[in-house]
Structures are given as C-alpha cells and as structure tokens.
Amino acid sequence: MGFLGHRPPGVLIEMPHKKPPKGELTFSQLLYNQLLSSLRVVIEHVHSGIKRLRMVRDKLRLRGDWFRDTVMVVACGLHNLRVRSQHRAYLTHAPANLDK
C-alpha cells in the first residue's frame, strides 16, 4: 500500500475503496477494487523479484544514501535482466525436430 502520508507532486495515488460500516460497496467500487488488486499483484511480484538480492532484503547499515540508492539500482537492473532474458522467453512456435 505504500506510505499513506507520502504524496509527491505530479503522482496520482490510487487506493482501494473501504467498505463503510454496516454497509456495502457499490458495483463500480467492487469492480475498481478488483482492477486495482490485479495491478497490485503484479507490483508485489516485481518487489519480490527485486528482493531476491539479499542485500536489498536485509538491513543495510552503511550510512551513505548514495550507496543505498546504488544497491537498489543494481537490484532493479538485475531483476530487469532476469525478466527480459532469452531463457525465459516463451516459444512462439513448435520446437524443431532434432532427431534427423
């Protein structure tokens, strides 16, 4: 869900609708929450892919902000490399018969 109080300029923050006390959500609010949750699943998968690098997952005790930023940039770059790798590409056609 992120930090609720952090609102940088020029960024649109979308939050799911909460059910009112002793009430129900409208159909449009339910549909909006479903669409938003599917996007959040993708984002959570990206976060877990970045956290494969243990240095990001553990507490970083180095004091320089530039080092923390560099670690995050490297982790994001490794995640992008892993996702865009040719070894993860799906076959678009049937594999060739190699028995010949």
Spell out, yes or no, whether [X] and [Y] are grouped together once hydrophobic residues are joined by side-chain heavy atoms under 4.5 Å, including indirect joins.
| X | Y | value |
| --- | --- | --- |
| Met55 | Leu81 | no |
| Met72 | Val83 | no |
| Ile13 | Tyr32 | no |
| Leu35 | Met15 | no |
| Val46 | Leu39 | no |

Problem set entry | With Arg84 via side chain to side chain contact (heavy atoms under 4.5 Å, CB included) - residues at least two apart | Asn80
Rounded to the nearest 0.5 Å, what separation is found between the [atom1] atom of [X] and the [atom2] atom of [Y]?
| X | Y | atom1 | atom2 | answer |
| --- | --- | --- | --- | --- |
| Ser38 | Asn33 | OG | CG | 11.0 Å |
| Lys18 | Leu25 | NZ | CG | 11.0 Å |
| Arg40 | His47 | CZ | NE2 | 11.5 Å |
| Ile50 | His45 | CD1 | NE2 | 13.0 Å |

Exercise. Which pair of non-hydrogen atoms, one from Lys51 and one from Arg57, has the smallest distance, and what is that distance?
Worked result: O-NH1, 3.2 Å
Seminar exercise, completed: Closest non-hydrogen contact found for Pro16 with Leu36 is N-CD2, 3.5 Å
For this session: For the pair Ser37 (side chain) and Gln34 (backbone), establish whether a donor and an acceptor sit closer than 3.5 Å, ignoring hydrogens and angles.
Result: yes
Problem set entry | Side-chain (Glu44) to main-chain (Val41) donor-acceptor, under 3.5 angstrom | no
Exercise. How about Arg52 and His79: do any of their side-chain heavy atoms sit closer than 4.5 Å?
Worked result: no
